[in-house]
Amino acid sequence: MDNEAQGELDRRSKRELEEGIQRDFKRKMSYGDYLRLDTLLSAQQPLSDPPQHDELLFIIQHQTSELWLKLLIHELRSARSLLRDDELAPALKRLARVKHIQHTLTDQWSVLATLTPSEYAEIRPFLAASSGFQSAQYREVEFLLGNKNADMVAVFAHDEGARTALDALLHEPSLYDEFLAYLSRRGYAVPPALLDRDWTQPYRLDDGLVDVFAGVYARPSEHWGVYETCEELVDLEDNFQQWRFRHLQVVQRTIGQKTGTGGSTGVDFLRRALDLTFFPELYEVRTRIGG
Ligand code: HEM
Ligand SMILES: N[C@@H](CC(=O)c1ccccc1NC=O)C(=O)O
């Protein structure tokens, strides 16, 4: 083999590091420093005894979900505040990202679905009374989207930070409330009762608002930005329901009809969440379209 051929083989088996590549991080911030990986990667503390191989999967599935929920909250808060400032296009940009995060959250169920009922049964006793029902960030997302339920706040009495954050959101307008206020400022005939209501109460369908949306959907080209936002919101609700449904399927295949560690009936309780709707008028208007 000639030298050139030898060199080509070398290049294919090992990549030489370039001169300029940084190697000394004694006095410089490294990748791990910036991302606080020491903290992040020391937060997986399995409890099973004897150690169960699959507990790390269970922990990481939840921790990654909580990280994505953190970003969802960040984006939803920003979208809500942009709407408040009449910045519709930037708000829509935020919602586009929200939808991708939701897809990631839903797709990652397939990883946990590899956990068999027998494997999960080895971990479950160590979970005690803890449950995803106690996810503060999940409730924050629900509140931001408008699924207000004051009873949820008491679940966080043990965690002052979480309780305060959730209680604040309970008292604030949701993303949908801000959209309705935006519509009103733009001259749409949003019923006044929707613009000045008790934000802590669950949102209830309003026929007058269905009329407003019926006008938008009858002539999309005359209401393009609003029409587009309506459809983005429907995508968000659709995605949220897909997550709920995948959760339900994974719960069904791992614990069947068992009651939950959080104290609920389990699958039956979770199935009732599929009846919840964030934006009822945007679904109701569909029955009316096209006569
Ligand atoms: C083997 C996997 C899982 C099982 C068997 C399971 C089971 C359950 C059950 C039975 C409930 C009802 C509350 C209770 O009584 O405990 C519940 C609620 C919940 N779980 Fe899971 N879960 C699993 C994985 C996850 C994951 C990965 C997440 C992601 C963060 C999650 C988030 C939630 C949330 C947010 C609720 C509250 C839902 C609601 O209020 O409608 N769960 N889970
Ligand atoms: N509720 C689940 C337990 C559970 O899944 C869980 C427990 C601790 C931390 C997160 C959990 N995930 C979702 O509910 C069960 O009843 O098996």
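Scope of the values below: all heavy atoms of this structure, side chains included, with no hydrogens, waters or symmetry mates. Just follow the structure's listing: the first ligand is 1, and inside any ligand the first atom is 1.
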Is there a path of hydrophobic side-chain contacts, each under 4.5 Å between heavy atoms, that joins [X] and [Y]?
X: I289; Y: Y188; answer: yes
X: L82; Y: L88; answer: no
X: W109; Y: V141; answer: yes

> For R80 and S174, which heavy atoms make the closest approach, and how far apart are they?
Replying inline: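 In terms of heavy atoms, the two residues are closest at CD-C, 3.9 Å.
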
Hey, are [Y] and [X] close enough side-chain-wise for a donor-acceptor pair under 3.5 Å?
X: K70; Y: Q137; value: no
X: E122; Y: S48; value: no
X: E281; Y: Y203; value: yes
X: T104; Y: D107; value: no

> Taking 4.0 angstrom as the limit, do E142 and K148 come out as a salt bridge?
Replying inline: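 A salt bridge is absent here (no side-chain N lies under 4.0 Å from a carboxylate O).
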
>> One thing to verify: whether E231 and R286 come together as a salt bridge, which I'm taking to mean a side-chain N less than 4.0 angstrom from a carboxylate O.
In response: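 Yes, charged N to carboxylate O under 4.0 Å.
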
Any idea which atoms of ligand 2 are less than 4.0 Å away from a heavy-atom of [X]?
X: T261; result: 1 (N), 2 (C), 3 (C), 15 (C), 16 (O), 17 (O)
X: H62; result: 10 (C), 11 (C), 12 (N), 13 (C)
X: Y120; result: 2 (C), 3 (C), 4 (C), 5 (O), 15 (C), 17 (O)
X: L127; result: 3 (C), 7 (C)
X: G260; result: 16 (O)

Give the residue, atom name and distance (to 0.1 Å) of the protein heavy atom nearest [atom].
atom: atom 2 (C) of ligand 1; result: L112 CD2, 3.5 Å
atom: atom 1 (C) of ligand 1; result: T254 OG1, 3.7 Å
atom: atom 25 (C) of ligand 1; result: H62 NE2, 3.2 Å
atom: atom 30 (C) of ligand 1; result: S65 CB, 3.8 Å

> Quick one: does S264 get an N or O within less than 3.5 Å of an N or O on ligand 1?
Replying inline: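 By distance alone, the answer is yes.
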
> Just heavy atoms, cut-off under 4.0 Å: does K258 contact ligand 2 by side chain, backbone, both, or neither?
Replying inline: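 None of K258 does.
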
> Under a 4.0 Å heavy-atom limit, does F58 contact ligand 2 with its side chain, its backbone, both, or neither?
Replying inline: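 Just the side chain.
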
> Hey, is R139 touching ligand 1 through its side chain, its backbone, both or neither, going by heavy atoms under 4.0 Å?
Replying inline: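 For R139, only side-chain atoms sit under 4.0 Å from ligand 1.
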
> Which count of protein N, O or S atoms is obtained for distances strictly below 2.8 Å from atom 21 (Fe) of ligand 1?
Replying inline: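 Protein heteroatoms (N, O, S) closer than 2.8 Å to atom 21 (Fe) of ligand 1 number 1.
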
> Between E119 (side chain) and T116 (backbone), is there a donor-acceptor pair under 3.5 Å?
Replying inline: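 Flag set: sc E119 to bb T116 pair under 3.5 Å.
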
> Does the S42 side chain pair with the main chain of T39, one donor and one acceptor, at a distance under 3.5 Å?
Replying inline: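 Between the backbone of T39 and the side chain of S42 there is a qualifying donor-acceptor contact (under 3.5 Å).
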
> Among S130, S264, G266, which one has a heavy atom closest to atom 7 (C) of ligand 2?
Replying inline: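 Ranked by closest heavy atom to atom 7 (C) of ligand 2, first place is S130.
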
>> Using heavy-atom distances only, which candidate in S135, G132, A121 approaches atom 13 (C) of ligand 2 most closely?
In response: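 That would be G132.
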
Using a strict 4.0 Å cut-off to heavy atoms of [X], name the atoms of ligand 1 that fall inside it.
X: G262; result: 14 (C), 15 (O), 16 (O)
X: Q61; result: 27 (C)
X: Y138; result: 35 (C)

> Is the shortest distance from a heavy atom of W243 to ligand 1 less than 4.0 Å?
Replying inline: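 The answer is yes, since W243 has a heavy atom less than 4.0 Å from ligand 1.
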
> Is NZ or CZ of R124 both nearer than 6.0 Å to the six-membered ring centre of F58 and within 45° of the ring axis?
Replying inline: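 Cation-pi check for R124 and F58: fails.
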
>> Any heavy-atom pair between the side chains of Y120 and L127 that's under 4.5 Å?
In response: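 Side-chain contact under 4.5 Å: yes.
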
>> Using the ring pair (Phe, Tyr, Trp, His ring centres under 6.0 Å) definition, which of the options F156, F240, F143 pairs with Y138?
In response: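 Result: among F156, F240, F143, F240 is the only option passing the ring pair (Phe, Tyr, Trp, His ring centres under 6.0 Å) with Y138.
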
